*Asks:* 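Please read through the structure below; I'll follow up with questions.
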Number of protein chains: 2
Amino acid sequence: MAATIKDVARLAGLSIATVSKYINGGHVIDANSAAIEQAIKTLDYRVNTMARGLKTKKTKSIGVLIPSVRMVFCMDIISAIEDELSRENFSTMICDCQGRPEQEAVKIEFLLEKQVDGIIMMPSSNSSEAARRAALAGIPVVLVDRRFNTMECDRVLVDNRQLAEDATTELLQAGHRRIGIICGPEDIYTTVQRLNGYYQAYEKLGLEAYNDCISFSDYSLEGGYKALDSLMELPEPPTAVLATNYETTIGSVMAINRSGLKIPEDLSFVGFDSLDMSTLVTPALTMAIQPVQEIGEQAARLMLRRLDPQDKNKKSESGQTHSDNKYKGEEIILTGKLNRGASIKTI
Amino acid sequence: MAATIKDVARLAGLSIATVSKYINGGHVIDANSAAIEQAIKTLDYRVNTMARGLKTKKTKSIGVLIPSVRMVFCMDIISAIEDELSRENFSTMICDCQGRPEQEAVKIEFLLEKQVDGIIMMPSSNSSEAARRAALAGIPVVLVDRRFNTMECDRVLVDNRQLAEDATTELLQAGHRRIGIICGPEDIYTTVQRLNGYYQAYEKLGLEAYNDCISFSDYSLEGGYKALDSLMELPEPPTAVLATNYETTIGSVMAINRSGLKIPEDLSFVGFDSLDMSTLVTPALTMAIQPVQEIGEQAARLMLRRLDPQDKNKKSESGQTHSDNKYKGEEIILTGKLNRGASIKTI
DNA sequence: CTGAAAGCGCTTACAG
DNA sequence: CTGAAAGCGCTTACAG
């Protein structure tokens with residue numbers, strides 16, 4: 001049988017109130033702390049989180065909801081979130097929709113039943129009734145890499161528009177005009193942003209984009225492979241390609257190598273998020289890099305801030321609380337950076 | 001304020017005991033169930049898991065500990081575990097050691113503090129003091145893809161020896177003799193098993209293996225890339241290569257393509273665990289496939305079985321309980337299969 | 001089938 | 001700084 005605070009109190013010769021105070025970081029005279037510490041050790045005592053939670057109404061757990069565990073980007077972010085949360089003694093409950101968007105509502109309900117203190121999510125679509133319900137129930141929701149159309153919500157974003165613009169500009173300045181871009185699903189937030197950046201690069205240089213060079217995929221390895229092939233099968237193939245996530249970058253490179261094309265002699269190339277790969281192949285690939293680690297960290301921190309009552313006064317100052325219907329959500333925008341390699345040929 | 005069982009009871013005009021019984025699946029006369037159901041709906045009532053847990057001494061959560069979230073194999077298994085556990089209303093708490101084995105003990109302690117009902121883990125080494133402590137504390141531990149040297153533990157394994165033997169035999173029968181193998185870290189369980197299978201294939205055909213064709217890696221994409229390069233730089237390069245996990249398979253293929261070698265004309269190749277890739281490249285790759293989905297499922301089921309008291313009688317029959325020091329652990333061995341492509345040339 | 005009551009192991013004002 | 005006591009929201013024998 002596991003030891004309880006009662007056992008510790010008895011062994012230390014003190015009341016449970018004192019032991020509780022000690023455990024929670026309150027001040028207790030030295031002799032007593034020593035006795036308590038000793039008792040905890042001998043009994044191998046661990047606080048019963050459920051009894052504590054019942055009183056405090058907090059589980060110290062955060063639900064993390066992602067569209068699919070099979071995307072490196074998601075996993076990197078989860079890893080960073082978990083790391084940051086565990087530092088504050090929060091546990092991370094991961095829910096994977098396995099690529100099935102209809103699972104999202106089910107999983108959110110599951111998390112709510114599990115009484116998580118908050119939810120960090122990367123939604124599959126641009127709105128979520130379930131997320132709204134959670135927010136209304138007082139469970140903070142933090143969005144990662146997405147926005148909702150129908151509801152303002154705390155969120156951590158990367159300036160993907162700028163990053164895609166930088167990548168495209170790099171290619172345009174090297175003289176490329178027909179630049180293939182391998183996007184994700186057409187309607188999701190990051191695709192829209194990256195495509196905006198792509199167009200904007202042309203626009204700023206007074207050039208016109210070629211719509212037949214725009215290819216949508218499911219952001220998978222296979223999708224990238226096929227997208228690259230179909231781009232190269234165009235009557236007039238692009239002279240450069242930009243892949244916009246980890247998986248499509250790898251898929252593209254495989255397709256390029258397979259077809260016998262040489263980078264950059266036959267095709268210039270810029271990848272996304274695959275820092276590990278960029279140095280692997282020769283020549284080194286120019287790569288647009290998102291600060292994945294920081295995304296996860298910031299999302300975790302933002303959540304922690306929402307949960308921590310210590311900024312109560314701040315809230316009332318700004319008038320931004322969850323029940324305030326003018327609430328706009330806090331937005332954190334991080335910037336990516338372009339890592340220059342030798343995969344672009346000047347023409 | 002969230003509604004409690006008391007509120008539901010009041011609204012339904014019944015006692016909390018009856019409501020509790022209803023919630024937990026007990027029989028209640030129809031009129032009353034309807035009233036309770038109605039009350040739950042109107043109040044948007046959800047059981048307080050902490051209050052329940054305090055009584056039942058169960059959190060209905062399972063900790064899952066993996067060496068690194070950056071391995072596709074781990075993620076696939078986690079996904080399956082989560083899916084299976086959530087079906088039984090268990091939540092999954094994921095802890096990632098981020099490739100740092102020294103984190104393992106820390107994370108296990110974290111899970112214990114969080115009072116998970118059980119731990120499913122893929123340990124980084126061949127023993128774990130922390131895992132032993134957990135098991136001793138009555139927390140079931142299920143190992144995935146690993147065994148401990150120092151302690152018997154429930155485990156779900158794949159017959160990697162057989163799978164590697166099959167793959168190697170396939171190459172030997174095609175006439176290859178110098179077969180490169182890209183393993184993982186030298187001392188981990190799967191590496192040992194796969195290497196055993198490799199040797200055994202030679203042995204069964206009365207042939208001798210070439211030790212210089214054996215290459216160890218960290219199972220990463222980069223590791224696979226480099227391992228392949230160094231194999232091909234041998235004074236006498238292998239005529240075939242077997243990569244033994246997802247990442248080294250992708251890395252190898254990239255290195256092969258990059259070097260201009262053609263599969264299978266210049267080099268025969270067998271990969272591992274990369275079903276998505278095997279059909280992607282031309283020719284289709286012969287691939288050793290582990291039943292990842294099933295590994296996760298079985299691990300979850302095994303854990304659930306350990307937790308469910310309904311097999312109490314069975315336990316006493318077999319005399320296998322956790323406190324029994326002759327306990328050998330339950331071992332589930334799954335078999336992989338070789339998916340034949342056209343990446344092997346007969347010589 | 002239903003209800004009154006005890007108790008799970010904590011935290012938290014409130015006294016002292 | 002310390003302790004007695006109430007109470008968090010459930011479940012579970014035990015009566016009826």
Side-chain angles (χ1 to χ4, degrees), chain A residues 1-40 43-61 89 112-117 137-138 307 309, chain B residues 1-40 43-61 89 112-117 137-138 307 309:
Chain A
M1 216 58 267
T4 71
I5 195 173
K6 232 176 182 166
D7 301 318
V8 175
R10 193 181 311 125
L11 191 57
L14 292 162
S15 75
I16 62 168
T18 305
V19 174
S20 174
K21 191 179 175 193
Y22 170 80
I23 290 170
N24 292 295
H27 236 270
V28 168
I29 64 174
D30 287 357
N32 290 344
S33 350
I36 295 171
E37 193 56 40
Q38 177 60 40
I40 289 177
L43 295 169
D44 193 25
Y45 169 74
R46 269 183 277 266
V47 174
N48 182 317
T49 54
M50 286 170 296
R52 173 182 278 174
L54 182 55
K55 283 301 287 185
T56 62
K57 308 206 177 298
K58 298 275 170 265
T59 50
K60 296 217 90 177
S61 67
N89 246 288
L112 255 25
E113 262 165 24
K114 287 294 179 178
Q115 250 122 26
V116 293
D117 295 338
L307 260 22
Chain B
M1 217 55 265
T4 71
I5 195 172
K6 232 174 181 168
D7 302 318
V8 175
R10 193 180 311 127
L11 191 58
L14 292 161
S15 76
I16 60 168
T18 305
V19 176
S20 174
K21 191 179 175 193
Y22 171 79
I23 290 170
N24 292 295
H27 236 270
V28 168
I29 63 173
D30 287 356
N32 290 343
S33 350
I36 294 172
E37 193 56 39
Q38 177 61 40
I40 289 177
L43 295 169
D44 193 24
Y45 169 74
R46 268 184 277 266
V47 174
N48 183 317
T49 54
M50 287 170 295
R52 173 182 278 174
L54 182 55
K55 282 301 288 186
T56 62
K57 307 208 178 297
K58 298 275 170 267
T59 51
K60 295 215 91 177
S61 68
N89 245 288
L112 256 25
E113 262 165 25
K114 287 292 179 180
Q115 251 121 26
V116 292
D117 294 338
L307 260 21

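We use all heavy atoms of the structure for the numbers below, so side chains are in, but hydrogens, waters and symmetry mates are not. Predicted model, so just to flag it, every value in this text is computed and none were measured. Throughout, protein chains are lettered first and strands after them, A, B, ... in sequence-line order, and every chain is numbered starting at 1.
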*Asks:* Separation of A:Asn24 atom CG from C:dA13 atom P, in whole Å?
*Replies:*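 Going from A:Asn24 (CG) to C:dA13 (P), I get 12 Å.
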*Asks:* In this structure, how many angstroms lie between the P atom of D:dG9 and the CD1 atom of B:Ile40, rounded?
*Replies:*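 From B:Ile40 CD1 to D:dG9 P: 16 Å.
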*Asks:* Tell me which residues in residues 10-23 of chain B lie within less than 4.0 Å of DNA chain D, going by non-hydrogen atoms.
*Replies:*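 Result for residues 10-23 of chain B: B:Ile16, B:Ala17, B:Ser20, sorted by number.
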*Asks:* Taking the side chain from B:Lys114 and the backbone from A:Lys60, do they hold a donor-acceptor pair closer than 3.5 Å?
*Replies:*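 Side chain of B:Lys114 to backbone of A:Lys60: a pair is present.
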*Asks:* Would the distance check show the side chain of A:Thr56 and the main-chain N or O of A:Arg52 forming a donor-acceptor pair, the cut-off being under 3.5 Å?
*Replies:*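 Yes, the answer is positive, given that a donor and an acceptor are paired below the 3.5 Å cut-off.
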*Asks:* Within less than 4.0 Å of OP1 or OP2 of D:dG9, is there a side-chain N or O belonging to A:Lys57?
*Replies:*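 Yes, within the criterion.
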*Asks:* Nearest whole angstrom, please: distance from the P of D:dC1 to the CG of A:Asp30.
*Replies:*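 Checked: the CG to P distance equals 10 Å.
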*Asks:* Mind checking what makes side-chain hydrogen bond (donor to acceptor under 3.5 Å, both in side chains) contact with A:Glu37, not counting sequence neighbours?
*Replies:*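 A:Glu37 satisfies side-chain hydrogen bond (donor to acceptor under 3.5 Å, both in side chains) with A:Tyr22 once adjacent residues are dropped.
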*Asks:* Measure the distance from NZ on A:Lys55 to P on D:dC8 and round it to the nearest whole Å.
*Replies:*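 Result: 7 Å.
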*Asks:* Tell me every residue that passes side-chain hydrogen bond (donor to acceptor under 3.5 Å, both in side chains) with B:Thr59, counting only those two or more places apart in sequence or in another chain.
*Replies:*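 Here the qualifying residues are B:Ser61, B:Asp117.
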*Asks:* Between C:dA4 atom P and B:Ile5 atom CD1, what is the distance in whole Å?
*Replies:*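 Taking atom P of C:dA4 as the reference, CD1 of B:Ile5 is at 14 Å.
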*Asks:* Report the nucleotide, chosen from D:dC10, D:dG9, C:dT11, that has the shortest atom-to-atom distance to any side-chain atom of B:Tyr45.
*Replies:*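 Nearest to the side chain of B:Tyr45 among the choices is D:dC10.
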*Asks:* Please name all residues satisfying side-chain hydrogen bond (donor to acceptor under 3.5 Å, both in side chains) with A:Asn89, sequence neighbours left out, ordered by chain then number.
*Replies:*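 Expected list: none.
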*Asks:* With A:Asp30, which residues qualify under side chain to side chain contact (heavy atoms under 4.5 Å, CB included), at least two apart?
*Replies:*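 A:Ser33.
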*Asks:* If the condition is side-chain hydrogen bond (donor to acceptor under 3.5 Å, both in side chains), which residues does A:Asn48 pass it with, not counting sequence neighbours?
*Replies:*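 Not a single residue meets the side-chain hydrogen bond (donor to acceptor under 3.5 Å, both in side chains) criterion with A:Asn48.
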*Asks:* Provide, to the nearest angstrom, the distance between the CG atom belonging to A:Leu54 and the C1' atom belonging to C:dT11.
*Replies:*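 Checked: the CG to C1' distance equals 10 Å.
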*Asks:* Could you please name the option among C:dT12, D:dC10, C:dG9 that lies closest to any side-chain atom of A:Thr56?
*Replies:*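 Closest nucleotide to the A:Thr56 side chain: C:dT12.
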*Asks:* Using the test salt bridge (Lys or Arg N to Asp or Glu O under 4.0 Å), find all partners of A:Arg10 that sit at least two apart in sequence or belong to another chain.
*Replies:*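 Testing A:Arg10 for salt bridge (Lys or Arg N to Asp or Glu O under 4.0 Å), a comparison that skips the adjacent residues, returns A:Asp7.
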*Asks:* Whole angstrom is fine here: how far is it from CG in B:Asn48 over to P in C:dC10?
*Replies:*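 After rounding, the reported distance stands at 16 Å.
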*Asks:* Between which residue ranges does DNA chain C form stems of three or more consecutive Watson-Crick or G-U wobble pairs, both distances under 3.5 Å?
*Replies:*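 So the stems come out as C:1-3 with D:14-16, C:5-12 with D:5-12, C:14-16 with D:1-3.
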*Asks:* Nearest whole angstrom, please: distance from the P of C:dG3 to the CD1 of B:Ile29.
*Replies:*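 Atom CD1 in B:Ile29 sits about 9 Å away from atom P in C:dG3.
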*Asks:* Once side chain to side chain contact (heavy atoms under 4.5 Å, CB included) is applied, do any residues pair with B:Leu11, and if so which ones, sequence neighbours excluded?
*Replies:*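 For B:Leu11, the residues satisfying side chain to side chain contact (heavy atoms under 4.5 Å, CB included) (neighbours in sequence not counted) are B:Ala39, B:Thr42, B:Leu43.
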